Amino acid sequence: MIYYITGGERSGKSHYAQELALQLSETPCYLATSRIWDEDHRKRIDRHIADRDQRWVSVEEEKELSKVIDEDSVVVIDCVTLWLTNFFVDTKNNIENSLTLAKEEFNKLLKINATIIIISNEIGMGVHAATEVGRKFTELQGWMNQHIAKHADKAILMVSGIAVEIKSPARPSQKGGVIHNDIL
């Protein structure tokens, strides 16, 4: 089962994902995809670590996520934005190569018999990137988010701490990857 949780920064994505994981497992895994880029980033990671208690198994992996996920486990992957950044930097900002590598790795996740909860920042909900490299990254993440959402069993949009289900196997109004939102 793949859960995809998206939303703007500070929308409650990580908190929601962690609560979901604890409902599904007594010992979920938290898979951190981040490299430490600066002191501010270190503080954000420390805050996330402090939010989790001893029930959690923590794993760090920058790119090859499928190698560290056990069968039948419940795993929170936090987050796609940082994971894609690792590919993007390593390919010297090449969108096509980064997207190919990320899709190949994500497709390996689809073959693992585990419950995977994937967190990603939604594109287009913030400031327009001021630089060419920022715009390239936005494009990369937008394409990868679409790929993940297409293959996810459930998708949740976090809005101001409120979870809005946007895709579910139980909602027959979804056709051909287009979600007809009948919530309103």
Side-chain angles (χ1 to χ4, degrees), residues 1-24 28-35 41 44-45 47-48 51-52 61-63 65-66 69 74-88 95 98-99 101-110 112 114-129 134-171 173-184:
M1 175 77 134
I2 303 283
Y3 290 86
Y4 175 62
I5 301 171
T6 189
E9 288 188 23
R10 303 290 186 258
S11 62
K13 299 180 302 289
S14 294
H15 178 75
Y16 179 84
Q18 290 176 30
E19 290 296 317
L20 175 60
L22 288 170
Q23 290 173 18
L24 299 171
C29 176
Y30 185 92
L31 200 167
T33 62
S34 182
R35 293 178 184 170
H41 197 196
R44 293 177 81 179
I45 289 171
R47 182 181 50 80
H48 275 277
D51 287 346
R52 297 187 305 274
E61 174 54 47
E62 295 177 1
K63 293 191 288 191
L65 310 181
S66 62
I69 296 177
V74 173
V75 180
V76 173
I77 298 175
D78 198 356
C79 76
V80 170
T81 306
L82 298 172
W83 180 57
L84 286 175
T85 299
N86 300 331
F87 288 111
F88 196 59
I95 296 171
S98 298
L99 186 61
L101 292 168
K103 280 184 174 181
E104 286 173 359
E105 183 58 29
F106 175 76
N107 291 341
K108 290 177 186 177
L109 297 179
L110 296 173
I112 300 173
T115 299
I116 301 173
I117 304 166
I118 301 171
I119 301 169
S120 186
N121 290 312
E122 184 57 40
I123 296 302
M125 298 183 85
V127 177
H128 182 71
R135 290 186 293 277
K136 282 182 176 182
F137 185 80
T138 298
E139 191 171 332
L140 168 64
Q141 184 160 1
W143 286 338
M144 192 62 200
N145 282 353
Q146 290 178 47
H147 183 73
I148 293 170
K150 176 182 176 183
H151 294 284
D153 299 293
K154 284 190 121 177
I156 305 294
L157 173 64
M158 294 300 298
V159 180
S160 301
I162 298 170
V164 179
E165 184 178 276
I166 57 175
K167 180 181 179 185
S168 169
R171 294 191 56 212
S173 62
Q174 300 165 20
K175 307 278 187 217
V178 176
I179 299 168
H180 302 277
N181 192 343
D182 56 9
I183 294 172
L184 300 176

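In this text, all values refer to a predicted model and were calculated from it rather than measured experimentally. For the numbers below, each heavy atom of this structure counts, side chains included, while hydrogens, waters and symmetry mates do not.
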Residues Ile95, Glu139; criterion side-chain contact (heavy atoms from CB on, under 4.5 Å); working and verdict:
CA-CA 8 Å; Ile95 296 171; Glu139 191 171 332; 4.2 Å; yes
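- Shortest non-hydrogen contact noted between Thr33 and Cys79 is OG1-O, 2.9 Å.
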What's the verdict on side-chain contact (heavy atoms from CB on, under 4.5 Å) for Val159 and Ser11, showing C-alpha distance, side-chain angles and the deciding distance?
CA-CA 6 Å; Val159 180; Ser11 62; over 6 Å; no
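- The minimum heavy-atom distance between Gly142 and Ile123, with the atom names listed, is N-CG1, 3.7 Å.
- Residues passing the side-chain contact (heavy atoms from CB on, under 4.5 Å) test with Gln146 are Trp143, sequence neighbours excluded.
- The shortest non-hydrogen separation linking Val76 to Ala17 is CG2-O, 3.8 Å.
- Going from atom CG of Asp153 over to atom CG of Leu110 covers 9.0 Å, rounded to the nearest 0.5 Å.
- To the nearest 0.5 angstrom, Ile117 atom CD1 is 4.0 Å from Leu20 atom CG.
- In this structure, the side-chain contact (heavy atoms from CB on, under 4.5 Å) partners of His147, at least two apart in sequence or on a different chain, are Lys103, Phe106, Asn107, Met144, His151.
- Legend: residues meeting side-chain contact (heavy atoms from CB on, under 4.5 Å) with Ala152, ordered by chain and number and at least two apart, are Ile2, Tyr4.
- Counting heavy atoms from C-beta outward, Met158 and His15 have side chains that stay 4.5 Å or more apart.
- Shown here are the salt bridge (charged side-chain N to carboxylate O under 4.0 Å, His left out) partners of Glu105, two or more places apart in sequence or in another chain: Lys108.
- Here the CG atom belonging to Asp78 is positioned 7.5 Å from the CD atom belonging to Gln18, to the nearest 0.5 angstrom.
- Atoms OG1 and CD, on Thr81 and Glu122 in that order, are 9.5 Å from each other to the nearest 0.5 Å.
- Residues Phe88 and Lys136 have side chains in contact (heavy-atom distance under 4.5 Å, counting atoms from C-beta outward).
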- Could you walk me through whether Ile77 and Leu109 pass the side-chain contact (heavy atoms from CB on, under 4.5 Å) test, one step at a time? CA-CA 11 Å; Ile77 298 175; Leu109 297 179; 3.9 Å; yes
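- In this structure, Pro28 and Leu22 have side chains that are in contact, with non-hydrogen atoms separated by less than 4.5 Å.
- Side-chain atoms of Ser66 and Ile112, non-hydrogen and from C-beta on, do get closer than 4.5 Å to each other.
- In this structure Phe87 satisfies the ring-ring contact (aromatic ring centres under 6.0 Å, His included) test together with Trp83, sequence neighbours excluded.
- Remark: the backbone N or O of Lys167 is not paired with any side-chain donor or acceptor of Glu165 at under 3.5 angstrom.
- Contact detail for Ala163 and Ile156: the closest heavy-atom pair is CB-CG2, 3.6 Å.
- To the nearest 0.5 Å, atom CG of residue Leu157 and atom NZ of residue Lys13 are 10.0 Å apart.
- Here the shortest heavy-atom pairing between Ser120 and Val80 reads OG-CB, 3.4 Å.
- Rounded to the nearest 0.5 Å, atoms OG1 (Thr6) and CD1 (Ile148) are 9.0 Å apart.
- Applying the side-chain contact (heavy atoms from CB on, under 4.5 Å) test to Glu62 and every residue at least two apart in sequence or in another chain returns Arg35, Asn86.
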